Amino acid sequence: MTDPFLRAHEAAEVAADFSRTYTSWTWPEVLTALRVLLPAEVTADVADRIFELSPHEPRHPATVVLEALAPWTHPEPQPRRPLVLHEPESSGTVLDDLPDLYDVEQVAHWLDFTVPELEWFADRGQWLRTARPPLRHYRIWRRDKREGVRVIEAPKPRMRETQRRLLRRLVERIPAHSAARGFVPGSSPAAFAWPHTDRPAVVRVDLRHCFESITVQRVRAVFRDAGFQPHIARLLAELCTTATPVDELRGLDHMHAALLRERHLPQGAPTSPHLANLVMRSLDRRLDGYARRNGLRYTRYGDDLAISGDAIDADRVLWTVLRIVDAERFTVHPDKVRIMHSHQRQRLAGLVVNDRPQVARSEYDNLRALLHNARRHGAASQNRADHPDFRAHVYGLIAWVGATGEARRRRLLDLAATVDWET
């Protein structure tokens with residue numbers, strides 16, 4: 001690598017990422033963090049300079065790393081708005097359109113609470129972990145998956161309305177990374193899959209227990225990076241997270257129960273999907289940067305990650321992705337890691353992408369057969385899962401299948417129009 005090798009804004013991003021990923025101010029840990037962020041041939045020299053500048057852990061690591069990168073950084077070709085690095089009260093860029101919240105009383109008034117009510121819903125003392133079910137803020141149930149169960153923690157009405165206000169007035173105003181294609185207005189599984197169509201190979205990685213692994217500390221960092229003072233960031237994070245009551249953990253595997261026992265993003269809360277996107281901004285930025293540097297494309301839909309390209313060393317890409325995911329403190333689902341070549345069925349978010357994103361032909365044929373049988377024998381004969389509103393369920397399937405194929409959608413709608421849904 002020749003010198004210089006970084007633009008000023010790239011060096012600032014490296015410094016900010018480093019401040020979030022290193023675990024201790026020791027040579028092995030600093031070197032390990034730098035190896036994920038920088039080319040291998042310069043990491044030792046950068047680490048040397050870091051320890052020359054600050055032999056002991058500094059108050060603001062990002063500032064030290066940015067200064068250490070100076071010999072390898074050349075200026076921007078045009079003036080840029082400086083990136084706000086980690087400061088005592090903020091560690092990110094302050095967004096102009098967020099509410100001004102400076103004290104607990106102000107937050108309570110903003111959410112139509114009294115201060116005691118606000119503290120009760122934030123569960124500041126975590127007393128709700130052992131409270132009786134009527135006093136809890138979430139209703140909890142389980143859904144079976146192919147492997148294990150999904151624990152749904154749905155907020156009760158007033159908590160749900162509070163989180164919806166937070167989402168509308170604050171959380172969704174903080175932008176996710178452009179690679180995030182799930183839980184983003186106007187996006188879809190097709191938008192996630194399109195960049196990977198007609199590629200020689202597609203690498204797919206799924207994250208395990210994604211929401212549960214996002215702790216209250218990581219959510220608090222999102223609000224702090226948005227410019228809120230630490231005590232306000234903590235309060236907002238507590239309103240958006242929960243610790244699962246101990247009696248709801250019985251029968252779960254040890255890893256899953258351990259994650260739920262700590263404060264985490266609850267599956268079922270309105271704020272959780274976008275907050276997950278914001279927590280994963282660093283993961284998205286690093287994977288997208290790696291992909292762009294190597295002529296590849298990266299997108300993410302929830303906990304599904306995909307990278308592809310016309311000239312791709314799939315094994316090396318997968319190795320790099322796994323390292324970055326681990327460095328960002330997420331866990332890969334080992335049974336859902338795939339390298340899909342063009343002679344195989346390449347499938348992302350339920351869509352086949354070998355030619356263009358579309359639902360598999362077998363799913364379309366099965367739905368068409370269901371509608372044909374419903375027309376001949378009555379809709380009730382096909383409602384084998386006892387859906388309470390079978391018509392709405394079937395039209396939802398038509399919308400899913402038809403979202404990537406207008407001709408298919410029209411044929412299915414024409415068939416559905418001939419069904420007597422009352423029989």
Side-chain angles (χ1 to χ4, degrees), residues 1 10 13-14 17 20-21 32-40 175-184 187-211 213-214 273 276-360 404:
M1 178 68 67
E10 293 173 330
E13 288 180 356
V14 168
D17 284 343
R20 297 186 184 98
T21 56
T32 298
L34 290 174
R35 281 174 176 164
V36 178
L37 300 167
L38 297 171
H177 192 277
S178 60
R181 303 298 169 86
F183 318 130
V184 177
S187 193
S188 66
F192 163 63
W194 263 114
H196 310 291
T197 58
D198 193 26
R199 303 294 172 188
V202 179
V203 177
R204 189 190 78 197
V205 172
D206 283 15
L207 305 181
R208 191 171 196 172
H209 301 315
C210 182
F211 279 25
S213 65
I214 295 177
N277 276 341
L278 298 179
V279 169
M280 288 191 271
R281 274 186 63 93
S282 177
L283 173 69
D284 290 337
R285 183 167 57 247
R286 294 170 69 177
L287 288 175
D288 185 58
Y290 169 76
R292 290 175 184 274
R293 285 194 298 272
N294 291 276
L296 308 174
R297 297 183 179 187
Y298 162 74
T299 58
R300 177 179 58 79
Y301 190 84
D303 56 6
D304 293 352
L305 285 59
I307 291 187
S308 66
D310 293 325
I312 180 173
D313 183 342
D315 291 320
R316 182 172 181 81
V317 167
L318 178 58
W319 179 80
T320 303
V321 170
L322 295 180
R323 288 192 66 195
I324 293 175
V325 168
D326 182 67
E328 289 292 326
R329 294 170 291 162
F330 288 100
T331 302
V332 168
H333 198 305
D335 298 329
K336 295 184 178 181
V337 174
R338 295 284 187 275
I339 296 177
M340 301 173 289
H341 297 280
S342 57
H343 66 275
Q344 303 168 309
R345 175 176 286 184
Q346 298 170 324
R347 194 176 181 116
L348 294 173
L351 302 176
V352 178
V353 300
N354 295 70
D355 179 35
R356 60 185 177 87
Q358 59 182 349
V359 174
T404 54

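The structure displayed is predicted, hence computed values, not measured ones.
Sorted by first and then second residue, the ring-ring contact (aromatic ring centres under 6.0 Å, His included) pairs involving residues 284-325 (not counting sequence neighbours) are Phe192-Tyr301. Among residue pairs with one or both ends in residues 348-359, none qualify as salt bridge (charged side-chain N to carboxylate O under 4.0 Å, His left out); sequence neighbours excluded. Contacts classified as side-chain hydrogen bond (donor to acceptor under 3.5 Å, both in side chains) and involving residues 329-346 (residues at least two apart or in different chains) are given here: Glu147-His333. Residue pairs meeting the side-chain hydrogen bond (donor to acceptor under 3.5 Å, both in side chains) criterion with at least one partner in residues 188-210, sequence neighbours excluded, are His196-Thr299, His196-Ser308, Arg199-Asp310.
Here Arg292 pairs with Asp288 under the side-chain hydrogen bond (donor to acceptor under 3.5 Å, both in side chains) rule; sequence neighbours left out. Scored by the side-chain hydrogen bond (donor to acceptor under 3.5 Å, both in side chains) test, Arg300 finds Asn277, Asp284 as partners (sequence neighbours excluded). The side chain to side chain contact (heavy atoms under 4.5 Å, CB included) check on Ala276 picks up Phe211, Ile214, Leu265, Met280, with sequence neighbours excluded. Here Asp313 pairs with Asp315, Arg316 under the side chain to side chain contact (heavy atoms under 4.5 Å, CB included) rule; sequence neighbours left out. For Asp303, the side chain to side chain contact (heavy atoms under 4.5 Å, CB included) partners two or more places apart in sequence, or in a different chain, are Leu207, Cys210. Scored by the salt bridge (Lys or Arg N to Asp or Glu O under 4.0 Å) test, Arg347 finds Glu363 as partners (sequence neighbours excluded). Residues meeting the side-chain hydrogen bond (donor to acceptor under 3.5 Å, both in side chains) test with Arg35, sequence neighbours left out: none.
The shortest heavy-atom contact between Arg281 and Pro175 is NH1-O, 2.9 Å. Gly309 and Leu296 get closest at one heavy-atom pair: CA-CD2, 3.8 Å. Counting all heavy atoms, side chain and backbone alike, Val353 lies closest to Ala193 at CG1-CB, 3.5 Å.
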Audit row: Val203, Ile312, side chain to side chain contact (heavy atoms under 4.5 Å, CB included) steps and yes/no: CA-CA 10 Å; Val203 177; Ile312 180 173; 4.2 Å; yes
Worked check of side chain to side chain contact (heavy atoms under 4.5 Å, CB included) between Leu318 and Leu322: CA-CA 6 Å; Leu318 178 58; Leu322 295 180; 4.0 Å; yes
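Taken to the nearest 0.5 Å, the CG atom of Leu287 stands 6.0 Å off from the CG atom of Leu305. Distance check: His177 NE2 to Leu283 CG gives 9.5 Å after rounding to the nearest 0.5 Å.
By the 4.5 Å heavy-atom criterion applied to side chains, Val359 and Leu351 are counted as neighbours.
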